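Worksheet: the structure to be examined is printed underneath.
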Amino acid sequence: MVGRRVAGVTVRHPRTARLNASTDEVETRLMGRRFESLARHGKFLVADLDDGQRLIAHLGMSGRFSLANPDTESPPHTHVVIVLDDGTEVRFIDPRTFGFLAVVDEDEIAGSPIARLGPDLWVSPPTAEELATRLSGRTAPIKALLLDQAIVAGLGNIYADEVLHHARIHPLTPGGEVGPGRAGALAEAMTLVLSEAIEVGGTTLDDLAYLLPDGAAGENVDRLAVYGREGEPCPRCGGVVERIVLRGRSTHYCPMCQV
DNA sequence: ACCTCCCTGGCC
DNA sequence: GGCCAGGGAGGT
């Protein structure tokens, strides 16, 4: 994809282009451009274009990109098709339309969603001190702060629960009360939980929304300590995993060893 | 710094 | 037939 030029582009679903003025705007801005780089920041994909614009993409809950031969039929929910100058089709498929594609110019980058992201936790894992600083004075529950991509970018609901379990921190703990010592445990847990999950291909739930590029399921669901395990024993202490709803997100933790 | 909303497939 | 899952934007 990098080095290729856009020879054609169709945005079929207005919601997928909702950060731009219209589907037409996305098409017009992309047409003829060359992809100069491709990167990830947190859960966002960012491609630099040859005229200083950027293509920003988010997969939301159910989005995926597929590189396909144009002779093959597009699967259902294919909302964007980008034809590259070598004939390859880049398809954006997203049943639940929580994902989006946006093309921003240089002046718009500062106001775009990626401008508000904190450091990517995989590329630039926070030190204990950095994390403690970012949490200090915050009264919101630590679980909510882990999901706030402006603090650290990259954690979603499943891994936030798993990270807190690993660090033995109760999800309702006010951020400012985590303190420097436990911030260290938290920082370590972020990298550890993610690397273990990535090692086995990530977390594919029963809905099969996330699959590896070859269509295989990731195996990390078997390793989850608390997420989706309400009523089951905590693998560390044997306590019974509880589920609460926090800010509209299901939250799982062990009341015995997370304090 | 909060809350509401958006969306569809899968399951009860 | 209704509920649930979860990401971020945008409004208050």
Side-chain angles (χ1 to χ4, degrees), chain A residues 11-23 25-26 40-46 54-65 74-80 92-104 108-118 120-121 134-164 171-177 194 197 202-211 217-218 220-221 224 226-231 241 243-253:
Chain A
V11 182
R12 296 177 182 155
H13 200 307
R15 187 166 146 80
T16 302
R18 63 189 179 275
L19 269 61
N20 279 104
S22 64
T23 55
E25 184 177 77
V26 171
R40 179 194 60 76
H41 189 161
K43 306 178 201 173
F44 288 79
L45 301 171
V46 183
R54 278 180 177 167
L55 173 62
I56 298 171
H58 196 295
L59 303 180
M61 290 304 305
S62 59
R64 62 188 169 95
F65 278 101
S74 297
H77 309 292
T78 300
H79 301 323
V80 181
F92 182 68
I93 304 141
D94 184 16
R96 286 160 72 176
T97 69
F98 273 49
F100 55 82
L101 264 63
V103 186
V104 295
E108 294 163 342
I109 286 171
S112 75
I114 53 170
R116 295 186 278 274
L117 294 176
D120 180 272
L121 88 82
R134 286 173 174 268
L135 297 177
S136 74
R138 301 292 296 261
T139 57
I142 185 63
K143 165 72 185 283
L145 297 175
L146 289 185
L147 293 178
D148 181 349
Q149 305 295 301
I151 296 177
V152 170
L155 287 181
N157 198 45
I158 297 173
Y159 294 127
D161 282 1
E162 293 297 308
V163 164
L164 287 173
L172 297 181
T173 309
E177 288 177 22
L194 267 205
T203 307
T204 300
L205 300 177
D206 292 340
D207 63 5
L208 304 182
Y210 160 75
L211 295 170
N220 194 59
V221 69
L224 297 175
V226 288
Y227 182 86
R229 298 201 184 279
E230 180 184 15
V241 174
R243 174 184 178 275
I244 57 174
V245 176
L246 175 57
R247 303 274 213 273
R249 295 288 175 275
S250 74
T251 297
H252 311 74
Y253 67 102

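Everything numeric in this text was worked out from a predicted model, so none of it was measured. Just so it is clear, the values below take in all heavy atoms, side chains as well, and ignore hydrogens, waters and symmetry mates.
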- Task: Using side-chain contact (heavy atoms from CB on, under 4.5 Å) as the criterion, point out the one residue from A/Leu146, A/Leu246, A/Leu147 that pairs with A/Asn157.
- Result: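 One option only clears the test, and that one is A/Leu147.
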Using a 4.0 Å heavy-atom cut-off across all strands, classify [X] as base, sugar-phosphate, or nothing.
X	result
A/Arg18	nothing
A/Ser250	sugar-phosphate
A/Gly248	nothing

- Between A/Thr139 and A/Arg15, who's closer to the 5' end of DNA chain B by nearest nucleotide?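 Residue closer to the 5' terminus by nearest nucleotide: A/Thr139.
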- Item | A/Pro141 or A/Asp207, whichever maps to the more 5' nucleotide of DNA chain B |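 With A/Pro141 and A/Asp207 compared, the 5'-side residue is A/Pro141.
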Rounding to an integer number of Å, can you tell me how far [X] [atom1] sits from [N] [atom2]?
X	N	atom1	atom2	answer
A/Asp148	C/dG7	CG	C1'	13 Å
A/Lys43	C/dG8	NZ	P	4 Å
A/Asp206	B/dC11	CG	P	8 Å
A/Ile56	C/dA9	CD1	P	9 Å
A/Leu59	C/dA5	CG	C1'	17 Å
A/Tyr210	B/dG10	OH	P	19 Å
A/Leu147	C/dA5	CG	C1'	14 Å
A/Asp94	C/dA5	CG	C1'	14 Å

- Message: With a 6.0 Å cut-off on the ring centroids, do A/His58 and A/Phe44 count as close?
- Response: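 Yes.
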Look at [X] and [N] and indicate whether a side-chain polar atom (N or O) is within less than 4.0 Å of OP1 or OP2.
X	N	answer
A/His58	C/dG7	no
A/Arg138	B/dA1	yes
A/His77	B/dG9	yes
A/Arg249	C/dA5	no
A/Arg243	C/dA5	yes

- Out of B/dC2, C/dG7, C/dA9, whichever nucleotide has its closest atom nearest the side chain of A/Ala140: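 Between B/dC2, C/dG7, C/dA9, the one nearest the side chain of A/Ala140 would be B/dC2.
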- With a 4.5 Å heavy-atom cut-off, do A/Leu121 and A/Leu194 have their side chains touching?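 Heavy-atom side-chain distance check passes, below 4.5 Å.
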- Salt-bridge present (A/Lys143, A/Asp161; N to O < 4.0 Å):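 Salt bridge flag = yes for A/Asp161 with A/Lys143.
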- Message: Rounded at 0.5 Å granularity, tell me how far OG1 in A/Thr16 sits from CZ in A/Phe98.
- Response: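 Output value for this atom pair is 12.0 Å.
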